[in-house]
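All remarks here apply to the structure that follows.
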Amino acid sequence: MIRKFVFLLVVAGLVSCKSEKKENWIQLFNGENLQGWTPKIAGYPVGENYKNTFSVEEGILKVKYNEYDSFNNEFGHLFYEKPYSHYRLRAEYRFKGEQIKGSPTWGYKNNGFMLHGQTPESMTLDQYFPVSLEMQLKGTNGEENAPNGNLCTPGTTVKIDGKYITEHCYEGNGPKHYQDDWVMAEIIVYGDSVIHHLINGDTVLTYYNPKISIEESPDYKSPNPDGRLSSGTISIQAESHPTEFRKIELLDLSK
């Protein structure tokens with residue numbers, strides 16, 4: 001009887017530990033509509049989803065250009081309503097279809113998640129990109145060297161190998177994706193200390209101490225007096241190549 005009682009206590013303890021370790025992922029994309037997200041497209045006011053650049057069809061969030069005749073620098077971003085500081089962001093995406101006529105060559109199979117970004121309301125009407133950190137989502141046609149999961153820094157800079165970088169885009173050691181298969185992108189963000197980029201579960205880039213670049217963003221008012229970027233908006237890009245997302249979820253690590 002005593003042995004049975006002890007066994008039950010052990011089992012109860014294991015179940016309790018398992019329950020305590022359960023991860024509470026927040027679904028940023030509900031699979032039905034753009035609730036919780038705000039578009040900002042260059043040349044148009046906040047909230048105007050020009051030519052339905054962002055849409056939801058059959059449970060897929062799409063960046064598409066079906067209603068465009070050609071691309072004229074209408075770079076867009078879709079902002080999530082709540083800023084975050086410490087979190088894991090995980091998404092499944094793929095490139096689908098042909099790049100729109102008139103778009104830049106570097107926009108081929110190019111999208112991204114913008115992190116620690118400014119709010120859409122603080123952007124100027126014609127501003128192409130928010131001040132932010134970008135995890136670049138990249139595919140290739142086989143003719144270019146295009147690893148996936150790189151970093152781009154519109155108006156910002158970070159430390160890599162102990163010094164702040166001057167490159168606008170910094171390549172990691174991500175894989176090259178030649179097909180339009182679904183890819184799992186993940187970002188682990190610890191405020192203004194360290195950020196990791198992962199592709200299909202493998203870390204491809206790590207950097208530290210993100211801050212505003214005074215040279216590139218002299219008029220931008222940082223939330224921190226010393227320019228540190230410890231939190232901000234999350235947004236999806238629209239850079240001229242159709243892209244699909246079927247899952248976007250976040251695990252809040254602030255606690």
Side-chain angles (χ1 to χ4, degrees), residues 28 34 36-55 61-65 67-85 89 99-100 102-108 110-138 150-158 164-170 187 189 192 195 210-225 227-243 245 248:
L28 303 190
L34 296 177
W37 296 85
T38 300
K40 173 64 184 82
I41 296 173
Y44 299 90
V46 175
E48 182 173 341
N49 189 10
Y50 176 68
K51 292 188 179 294
N52 295 309
T53 304
F54 301 101
S55 66
L61 194 162
K62 297 184 177 183
V63 176
K64 63 178 189 177
Y65 298 92
E67 300 181 25
Y68 285 62
D69 294 323
S70 63
F71 189 77
N72 188 29
N73 295 329
E74 295 98 346
F75 296 103
H77 295 80
L78 188 65
F79 289 81
Y80 189 64
E81 61 186 350
K82 182 180 178 181
Y84 286 94
S85 175
L89 179 67
Q99 187 182 18
I100 183 174
S103 51
T105 55
W106 53 260
Y108 177 78
N110 192 349
N111 202 300
F113 275 104
M114 316 303 276
L115 321 169
H116 283 355
Q118 67 183 113
T119 63
E121 293 80 10
S122 68
M123 295 176 66
T124 61
L125 183 67
D126 298 322
Q127 187 174 338
Y128 287 171
F129 309 102
V131 174
S132 57
L133 307 164
E134 177 192 351
M135 179 187 185
Q136 190 180 53
L137 309 178
K138 196 77 177 75
N150 304 321
L151 167 71
C152 292
T153 56
T156 59
T157 183
V158 302
Y164 280 103
I165 64 172
T166 57
E167 298 95 325
H168 171 61
C169 288
Y170 187 96
I187 313 157
V189 182
D192 60 1
I195 299 175
K211 69 175 185 177
I212 301 297
S213 172
I214 302 302
E215 292 77 13
E216 292 188 35
S217 307
D219 300 323
Y220 180 69
K221 303 300 181 184
S222 170
N224 296 310
R228 289 180 300 109
L229 282 173
S230 55
S231 65
T233 58
I234 296 169
S235 61
I236 299 166
Q237 285 195 310
E239 288 191 300
S240 74
H241 202 119
T243 315
F245 297 84
I248 306 172

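We're numbering straight along the sequence, starting at 1. Nothing here was measured: the structure is a model prediction, and the numbers come from that model.
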>> Strictly distance-based, threshold 3.5 Å: is any side-chain N or O of Tyr65 a donor or acceptor partner for the main-chain N or O of Pro242?
In response: no
> Are side-chain heavy atoms of Leu89 and Val189 found at a separation under 4.5 Å?
Replying inline: no
> Considering residues at least two apart in sequence or located in another chain, which fulfil the side chain to side chain donor-acceptor pair (under 3.5 Å) criterion with Thr38?
Replying inline: none
>> Could you tell me if the side chain of Phe113 sits less than 4.5 Å from the side chain of Ile248, heavy atoms only?
In response: yes
> To the nearest 0.5 Å, how far apart are CD in Gln237 and CE in Met135?
Replying inline: 12.5 Å
>> Between Thr233 and Gly117 (side chain of the first, backbone of the second, donor and acceptor by atom type, cut-off under 3.5 Å), is there such a pair?
In response: yes
> If only atom types and distance count, is the side chain of Thr153 paired as donor or acceptor with the main-chain N or O of His168 below 3.5 Å?
Replying inline: yes
> Mind checking what makes side chain to side chain donor-acceptor pair (under 3.5 Å) contact with Lys62, not counting sequence neighbours?
Replying inline: Glu57
>> On a heavy-atom basis, which atom in Glu167 and which in Ile165 lie closest, and how many Å separate them?
In response: OE1-CB, 3.3 Å
> Does Asn150 have any side-chain contact (heavy atoms from CB on, under 4.5 Å) partners at least two apart in sequence or in another chain, and if so, which?
Replying inline: Gln136, Pro147, Glu171
> What distance separates Ile195 CD1 from His116 NE2, expressed to the nearest 0.5 Å?
Replying inline: 4.5 Å
> Quick one: OG on Ser231 to CG on Leu115, what's the gap to the nearest 0.5 Å?
Replying inline: 12.0 Å
>> Taking the side chain as everything from C-beta on, heavy atoms only, tell me whether Thr243 gets closer than 4.5 Å to Leu137.
In response: no
>> Could you measure the distance from the CG atom of Leu61 to the CG atom of Leu28? Nearest 0.5 Å is fine.
In response: 11.0 Å
> Are side-chain heavy atoms of Ile236 and Trp37 found at a separation under 4.5 Å?
Replying inline: yes
> Which atoms form the tightest heavy-atom contact between Phe54 and Gly76, and what is the distance?
Replying inline: CZ-C, 4.1 Å
> Relative to each other, are the rings of Trp106 and Phe129 parallel, tilted or perpendicular (30° and 60° limits)?
Replying inline: tilted
>> Could you work out, with side chain to side chain donor-acceptor pair (under 3.5 Å) as the rule, every residue matching Asp192, not counting sequence neighbours?
In response: Arg228
> Is the backbone N or O of Asn49 less than 3.5 Å from a side-chain atom of Lys40, with the two atoms forming a donor-acceptor pair by type?
Replying inline: no
>> Please report the interatomic distance CG(Leu151) to CG(Leu133), rounded to the nearest 0.5 Å.
In response: 6.5 Å
> So Thr157 and Thr166, side-chain contact (heavy atoms from CB on, under 4.5 Å) or not? Walk me through it.
Replying inline: CA-CA 7 Å; Thr157 183; Thr166 57; over 6 Å; no
>> Tyr108: which residues meet the ring pair (Phe, Tyr, Trp, His ring centres under 6.0 Å) condition with it, sequence neighbours left out?
In response: His241
> Angle class for the Tyr68/Phe71 ring planes (parallel below 30°, perpendicular above 60°, tilted otherwise)?
Replying inline: parallel
> Is the backbone N or O of Ser230 less than 3.5 Å from a side-chain atom of Ser85, with the two atoms forming a donor-acceptor pair by type?
Replying inline: yes
> How about Val46 and Pro120: do any of their side-chain heavy atoms sit closer than 4.5 Å?
Replying inline: yes
> Taking only residues two or more places apart in sequence, or in another chain, which ones meet Pro130 in a side-chain contact (heavy atoms from CB on, under 4.5 Å)?
Replying inline: His77, Phe79, Met114, Gln118, Met123, Ser132, Ser235
> With a 4.5 Å limit on heavy-atom distance, are the side chains of Lys211 and Leu229 in contact?
Replying inline: no
>> Can you tell me how far apart CZ (Phe245) and CG (Leu78) are? Round to the nearest 0.5 Å.
In response: 9.0 Å
